[in-house]
There are 2 protein chains.
Amino acid sequence: MANIKDVARIAGCGIATVSRVINKSGYVKKETREKIEKVIAELSYQPNEIARSMTLQKNHIIAFILPNSKHLFFGELLYHVEEELFDYGYKMMICNSSEQLEKEIVYLDMLKNNRVDGVILLTNNDVEQYLNKKLPIVSFDRYFLNVPYVASDNFQGGILAAKRLLEHNCKNIMFIGDDAQGEHTDVLTDVSKRRKGFVNHLHSQGYENVINVEYPLKNYFVSVEQFESLLNPYQDVDGIFCISDSVAYTVIKVLEKRGKRVPEDVKVIGFDGGRSFNNLGMKITSINQDPLLIAQAIRKLILNYDVKDSNKKLIVPVKISEGDTA
Amino acid sequence: MANIKDVARIAGCGIATVSRVINKSGYVKKETREKIEKVIAELSYQPNEIARSMTLQKNHIIAFILPNSKHLFFGELLYHVEEELFDYGYKMMICNSSEQLEKEIVYLDMLKNNRVDGVILLTNNDVEQYLNKKLPIVSFDRYFLNVPYVASDNFQGGILAAKRLLEHNCKNIMFIGDDAQGEHTDVLTDVSKRRKGFVNHLHSQGYENVINVEYPLKNYFVSVEQFESLLNPYQDVDGIFCISDSVAYTVIKVLEKRGKRVPEDVKVIGFDGGRSFNNLGMKITSINQDPLLIAQAIRKLILNYDVKDSNKKLIVPVKISEGDTA
DNA sequence: TTGTAAGCGTTATCAC
DNA sequence: GTGATAACGCTTACAA
């Protein structure tokens with residue numbers, strides 16, 4: 001593979017001049033430039049990016065650490081983040097942690113050893129002690145001390161869900177979620193605001209008796225059977241706000257088993273976008289997280305990273321997406 | 001950030017010795033090693049990976065070019081490929097081409113300019129002329145001259161589908177696919193073997209009159225309306241093999257509109273895994289591509305790449321996954 | 001305008 | 001066992 005020296009030698013000039021041509025920096029006489037460009041084309045020379053990174057001390061690669069690209073929402077987020085970064089001249093490394101702390105640490109170390117210029121972090125683990133706060137890190141949906149973060153407007157999402165259920169004249173309203181996450185895992189999530197916004201709005205409208213159902217986090221996957229017993233005491237609910245579409249999906253299955261009709265007997269609202277679930281025969285009405293807006297917010301924070309404003313937050317608006325369940 | 005010189009200076013030795021300790025190469029006196037290890041820990045020194053790549057002329061990064069991580073199957077494949085590469089000490093860069101040739105070229109160039117050590121290529125575009133055949137490239141599902149590739153056993157998949165429809169005593173059998181791809185796009189795909197295996201087996205069993213329906217490629221997305229007119233002439237089919245689950249999904253919608261019951265009146269078989277589609281209320285019976293096995297095959301080819309056997313092929317077995325539609 | 005040379009942080013060769 | 005030092009391929013003062 002030809003290098004800059006070859007180009008200089010064949011073009012009969014110094015390597016600095018070649019460099020100037022490549023980077024369009026500094027003055028180069030027109031004829032010299034043309035000569036060099038010709039040689040570059042002939043050799044189909046491409047500057048070695050490793051060497052360039054070496055000199056510039058940055059490589060324009062950002063790592064995205066996330067649990068799992070198999071989940072539809074993550075797959076979408078991944079897609080949009082990569083597009084955003086690409087438009088700004090950055091490449092993206094993908095790191096499926098599978099929620100394993102050890103793997104997350106390996107990837108976080110890539111920031112310290114100059115493998116990448118920045119890290120986007122999406123985790124439920126407490127990686128606080130493995131973060132070098134002087135380096136560019138942006139977190140999605142989780143609070144870490146002095147780490148800027150991006151989250152959907154979960155509070156507003158809760159309000160939207162409450163409004164919708166009240167519009168439908170629901171009288172026995174329930175929230176189902178795992179938002180105690182913060183207490184269970186030591187990692188504070190923005191997701192807990194879904195419940196807060198929901199309950200807040202209901203209270204403000206004079207509705208006080210929200211039924212609060214918690215289910216254990218730590219297994220993303222919940223069975224219909226598990227939920228049946230959880231929901232058993234509440235036979236007469238007519239409006240349910242679920243912390244995710246995944247939960248909403250399972251709840252609807254439980255209701256169907258019970259002989260309830262959705263949405264005629266019970267309204268159900270999920271969270272995420274209602275685009276992730278199979279075999280339901282209907283579209284879940286859901287509070288929509290916008291992966292494109294989230295990606296843009298993440299890109300802004302990571303590419304303009306500055307240690308000084310490491311407590312920046314960017315909150316992305318949500319809206320309710322119309323489905324068949326509420 | 002401390003570098004190897006700092007470590008050497010503080011440990012009172014030469015940098016070569018530090019390097020030996022880091023890489024566990026060559027002999028180092030026990031005491032010297034311990035001393036150096038202590039300094040490394042104190043400084044929390046991490047070798048600069050860019051510099052290392054510079055010297056070694058490789059950086060242990062593989063790029064995966066694919067149309068879109070939003071598609072469930074691609075998201076899964078991505079996940080498994082990343083895990084495989086990780087287990088072998090490699091990191092993965094992700095490149096959503098969105099099927100745009102220009103973006104694919106940018107990423108393919110990363111191979112030439114040393115940004116990555118290898119490329120996994122999943123494309124429908126004819127990128128033949130942009131490939132440097134001396135560099136490590138592995139293609140999935142597409143033939144390029146002298147580029148090793150991995151594909152599912154599409155031929156066998158076709159056979160399995162044929163067998164299943166015959167077992168169900170189907171009398172009017174149809175294939176729906178876009179496998180003429182090769183003629184339309186100049187890129188040969190292994191996918192065309194689905195039809196070949198299917199038709200072959202039917203012929204071998206004395207069934208000759210397979211109805212062959214083609215729909216235009218180039219739009220991955222097909223509307224129910226488009227399909228209705230395509231299928232209109234064939235009111236009495238009772239067994240359909242579709243080239244993908246996406247097609248199967250649409251076909252089932254069309255059949256439902258027609259008042260046909262699936263699987264009672266018509267058996268439908270898809271291809272991919274039947275895990276990708278919403279709102280159907282049933283699981284598609286499908287020929288299953290195994291993303292883990294595919295990922296392993298890809299990893300084998302890319303990490304053991306050798307120009308000499310650039311026409312290697314790895315064919316991954318498929319099986320039929322039981323669903324509700326056939 | 002252009003070229004020389006230092007420097008980026010490693011690894012590896014070759015003396016000692 | 002260990003330490004200088006060249007080399008990897010580039011960018012960028014600085015000098016000419």
Could you walk me through whether Lys35(B) and Thr17(B) satisfy the side-chain contact (heavy atoms from CB on, under 4.5 Å) test, starting with their C-alpha distance in whole Å, then the side-chain angles of each, then the deciding distance to 0.1 Å, before giving a yes or no? CA-CA 11 Å; Lys35(B) 171 84 185 170; Thr17(B) 311; over 6 Å; no

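- Using a 4.0 Å cut-off on heavy atoms, none of the residues of residues 39-51 of chain B approach DNA chain D.
- Taking the nucleotide of DNA chain D with the nearest heavy atom to each of Leu56(B) and Thr17(B), the more 5' of the two is matched to Thr17(B).
- Counting only heavy atoms from C-beta on, Gln57(B) has its side chain closest to dC8(D) among dT12(D), dC8(D), dG3(D).
- A close approach under 4.0 Å does not occur between any side-chain nitrogen or oxygen of Ser19(A) and OP1 or OP2 of dC10(D).
- In this structure, CG in Asn125(A) is found 10.0 Å from CZ in Arg142(A), a value given to the nearest 0.5 Å.
- In this structure, NZ of Lys112(B) is placed 19 Å from P of dG9(D), rounded to the nearest angstrom.
- One N or O donor and one acceptor, one from the side chain of Thr55(B) and one from the base of dG9(C), sit under 3.5 Å apart.
- Heavy atoms only, all atoms of each residue included: Leu77(B) and Ala295(B) are closest at CD1-N, 4.3 Å.
- Asn114(A) comes within 4.0 angstrom of no nucleic acid atom, judged by non-hydrogen atoms across all strands.
- Distance Ile15(A) CD1 to dT4(C) P: 9 Å, rounded to the nearest Å.
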Enumerate all atom pairs, one protein N or O and one N or O from nucleotides 14-16 of chain D, separated by less than 3.5 Å.
none

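- We find the CD1-CE distance between Ile61(A) and Met110(A) to be 8.5 Å, quoted to the nearest 0.5 Å.
- Contact check of residues 29-38 of chain A against DNA chain C (heavy atom, cut-off under 4.0 Å) returns Lys29(A), Thr32(A).
- One interatomic measurement links the two molecules: CG of Asp117(A) to C1' of dC8(C), which rounds to 15 Å at whole-angstrom precision.
- Looking only at side-chain heavy atoms (C-beta outward), Ile302(A) and Tyr90(A) stay at 4.5 Å or farther from each other.
- Distance NZ (Lys58(A)) to C1' (dG7(C)): 19 Å, rounded to an integer number of Å.
- Considering Val150(B), Leu303(B), Leu85(B) in turn, Val150(B) is the only one that fulfils the side chain to side chain contact (heavy atoms under 4.5 Å, CB included) rule with Ile298(B).
- Residue Ile4(B) places its side chain closer to dT11(C) than to any other of dC8(C), dT11(D), dT11(C).
- Side-chain contact between Glu104(A) and Tyr130(A) is absent, with no heavy-atom pair separated by less than 4.5 Å.
- When the side-chain hydrogen bond (donor to acceptor under 3.5 Å, both in side chains) test is applied to Gln289(B), the partners found at least two apart in sequence or on another chain are Ser152(B), Asp272(B).
- If you measure from atom CE of Met1(B) to atom C1' of dC8(C), you get 14 Å, rounded to the nearest angstrom.
- The CG atom of Asn23(B) sits 15 Å away from the C1' atom of dT13(C) (whole-angstrom rounding).
- Of the N and O atoms on the side chains of Asp190(A) and Tyr149(A), at least one donor lies less than 3.5 Å from an acceptor on the other residue.
- Distance CD1/Ile40(A) to CD1/Ile4(A): 8.0 Å, rounded to 0.5 Å.
- With values rounded to the nearest 0.5 angstrom, Arg115(B) atom CZ is found 9.0 Å from Arg52(A) atom CZ.
- Toward the 5′ end of DNA chain D lies the nearest nucleotide of Tyr27(B), the other residue of the pair Tyr27(B) and Asn3(A) mapping further downstream.
- The CG atom of Asn113(A) sits 16 Å away from the C1' atom of dC8(C) (whole-angstrom rounding).
- Comment: Glu49(A) does not engage Lys91(A) in a salt bridge, judged by the lack of any side-chain N to carboxylate O separation of less than 4.0 angstrom.
- Between the CE atom of Met54(B) and the P atom of dT11(C) there is a distance of 13 Å, given to the nearest Å.
- In this structure, Phe64(A) has its ring center no closer than 6.0 Å to that of Phe74(A).
- Taking the screw axis at each terminus of the helix from dT1(C)-dA16(D) to dC16(C)-dG1(D) from five consecutive base pairs, the angle between the two is 50° to within rounding of 10 degrees.
- Under the rule for a salt bridge (charged side-chain N to carboxylate O under 4.0 Å, His left out), the partners of Glu34(B) that lie at least two apart in sequence or sit in another chain are Lys30(B).
- The residues Arg299(A) and Glu82(A) are annotated as not salt-bridged, no charged nitrogen and carboxylate oxygen being separated by less than 4.0 angstrom.
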